[in-house]
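Heads up, the thing below is written out as structure tokens.
Within every chain, numbering begins at 1; the chains are lettered A, B, ... in the order of the sequence lines, protein sequences first and strands thereafter. Worth saying up front: this structure is predicted, and the values here are computed from it rather than measured. What you see below is based on every heavy atom in this structure, not just the backbone, and it leaves out hydrogens, waters and symmetry mates.
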Amino acid sequence: MLNTQDAFILSAMRMSKQFGRTLREAPADAETISHQLLVRAGFIDQLSAGVYSYLPSGLKVKKNIERIIRKEMDTSNGIEVLLPTIQPSAIWEISERLFTMQDVLFKLEDKRGRTMVLGPTHEEVITTLFSKFANSYRDLPRILYQIQTKLRDETRPRGGLVRVREFTMKDAYSFDLDEKGLDVSYNSMVDAYHQIFNACEIPIVSVEADSGAIGGKGSQEFIFLTNSGEDTILICDQCDYAANQEKAEFIRPKKTTSQPLDIEKIKTPETTTIDQLVNLLKIDKSDTAKAVLYMATPRTDDTSFPIFVVIRGDLEINEVKLMNLVDAREITPMSDEDLSRYNIVSGYASPIGITSEIRIIADISITETSNLVSGANEVGYHLTNTNYSRDWVASDIADIAIADDGNTCAKCTGHKEGNLKISRGIEMGHVFRLGKTYTSVFETTILDQSGKQLTPIMGCYGIGIDRILSAAVEAHHDQDGIIWPKQLSPYNIHLTALNFEQDSTVAEEATKFYEKIQDAGLTVLFDDRDENPGVKFKDADLIGIPIRITISSRNNAENVVELKLRNSETSEKIKKENIIEVLQQLSK
RNA sequence: CGGGGUGUAGCUCAGCCUGGCAGAGCGCUGCGUUUGGGACGCAGAAGCCCUCGGUUCAAAUCCGAGCACCCCGACCA
């Protein structure tokens, strides 16, 4: 139940005194439903690309989300701290992320010319802080968390509050003695996350994820499925496997292997794409080997190196898997100059007969399939019946293919053979088994029981608070407006007084209820404006407080007030003397 | 960072093609009539037509450059 008395100083508001206004029309650039409704209902206002103000009611929702998160973190042994937003760039040099995260870092210089960054995340600060105060195994395990503004210079903010440059995040960091301890911390955070999303009434799918630039192994994302999301995920229709597309594993469509045949060079004029090749030779895409050339930029410096990727023609390359394999920060398709520098013939590239020093990476599909058609590294010619190992070898054989809708699940066991279904979603939370990446570079050591030095192992856990706001609206609305989940609603009760200015009895009664509701420990938004009933009802629906009660001349005559739930079509009349009890019951 | 689009009143937009007084609806102010689902009448206030430059007797309108914002993609702890 909402413990509103200590949650807010201001737990009631008269709309005649409120700041902000509802809008009949949403701004043209609001595309997603949540963006439109949050703006129309007067919860948020955009200042610039990916930068928003919270208006009073929006702020209340945000605080409610934070209260839910604090409660779950605290009961999961989390300890709240608050770390600085503005940070010396020196600690970002130590972790090398001044370089690797340069694209999203807001940088600035102070008066004396020292460079500072605005924190996009806080691994550096927390590890520095932890090192200072934790010296003994007795100081472990610990889970520290904060709710703090993060700043990221995103190249493309989008979707209202979904991807912004300034946002609020709950980030938590665990420190443990060993892997076993990390498991305990990690699992307790996963449990807390499920509790949090339940309380916020946001349906969540947890998926295996790529751990990205933050490093470490093992991570999962908490995804809210919605078409307006920007993440692509694959979910098995038979087992419980679900993964981000960047990470998703699948079984490649089978090809019957035949005996290796002799290589033959055939004439294929103006056939530079797989589609053209398939048309010309009347074969299937899976009978071809596709060559894709990239220049890769390593994580740690700017010197790029070439990579030659070979994958079966019916599959596409997963660039995230590829980047992880070669430890690259960025990969870009080779330019024509690069191609000629490495003696590669565009459109007819082949791993056979490569003359230059170049790292060749083959997807596992290549080794599972025989007699493939590949380029001849000569304009106008292809080679048929090429076979891996007999004709060429790669430096690496790996899973570098991207999973797509309908692929066979790699995790299904036994007779089940599930298909992966593709969906879009918003990443609401992300948990990582971080490992010793940061405790190593910041030289965090503690003494164990035997007096030996030990490097703690970390986990980190984030939740996007503004995104919860958006997702809650995406998940709970109708054509008239928002329908807030009970625990997120800016107020418990929407009190509507009809003819407030004209009927003094209404004004008296409504004001009396306004006070009684507060005395009962509930929060209330009181529509005491001199507006037509239609306007008041429309606004109430738009704002989306779950419980509405109406005071009117008509109801007064019957000695009742009218109660309507936002998610119900009908209203009911309640005797005045019973209403407070009913409201308390409903607000639980 | 590549591709596309949009900048005119607080909001939604018309006007631009074909240069000639700055417009509408909503919102806002005042008065009146209404009063159970964004009601109506009358009277008002409100603009650096994104910015800078050019063409022209004359530019919201044509030309050039820049900036901002949105969408798709790339990227995204």
Are any of A/R156's side-chain N or O atoms less than 4.0 Å away from OP1 or OP2 of B/rC1?
-> no
Could you check which of B/rU12, B/rC75, B/rG36 has an atom nearest any side-chain atom of A/E319?
-> B/rC75
A/P533 has a side chain; which of B/rU35, B/rC75, B/rG37 sits nearest to it?
-> B/rU35
Show each protein N/O and nucleotides 47-51 of chain B N/O combination with a separation under 3.5 Å, one pair to a line.
none

Just checking A/V104: base, sugar-phosphate only, or nothing, at a heavy-atom cut-off of under 4.0 Å?
-> nothing
Looking across every strand, which nucleic acid part, if any, lies under 4.0 Å from A/A26 by heavy atom: base, sugar-phosphate, or nothing?
-> sugar-phosphate
Taking B/rC76, B/rG36, B/rG38 as options, the one with an atom nearest any side-chain atom of A/R554 is B/rG36
Can you tell me if the side-chain N/O atoms of A/R158 get under 4.0 Å from OP1 or OP2 in B/rG73?
-> yes
Footprint string (nucleotides 26-33 of chain B, 5' to 3'): B base within contact, S backbone only, - free, heavy atoms under 4.0 Å = SS------
Which of residues 46-55 of chain A have a heavy atom under 4.0 Å from RNA chain B?
-> A/Q46, A/S48, A/A49
Whom does B/rC42 pair with, Watson-Crick or G-U wobble, provided both distances fall under 3.5 Å?
-> B/rG30
Please work out if A/P120 contacts a base, only the sugar-phosphate, or nothing of the nucleic acid, heavy-atom cut-off 4.0 Å.
-> nothing
Check every atom of B/rC69, B/rC76, B/rC13 against the side chain of A/E246 and return the nucleotide holding the closest atom.
-> B/rC76
Considering only side-chain heavy atoms of A/D541, which listed nucleotide, B/rG37, B/rC76, B/rA74, is closest?
-> B/rG37
Counterpart residues, side chain to side chain donor-acceptor pair (under 3.5 Å), relative to A/K247 (two or more places apart) | none
How about A/Q148 and A/T85: does a side-chain donor come under 3.5 Å of a side-chain acceptor?
-> yes
Any donor-acceptor pair under 3.5 Å joining the side chain of A/R529 to the base of B/rG38?
-> no
Strictly under 3.5 Å: I want the nitrogen or oxygen pairs between protein and nucleotides 3-6 of chain B, one per line.
none

Using only heavy-atom distances, decide whether a donor-acceptor pair under 3.5 angstrom links the side-chain of A/D539 to the base of B/rG38.
-> yes
Return the orientation label for the A/F175 and A/F130 ring planes: parallel under 30°, perpendicular over 60°, tilted otherwise.
-> parallel
Counting only non-hydrogen atoms, which of residues 560-572 of chain A are less than 4.0 Å from RNA chain B?
-> A/E562
Can you tell which of B/rG37, B/rC76, B/rG38 lies closest to the side chain of A/M323?
-> B/rC76
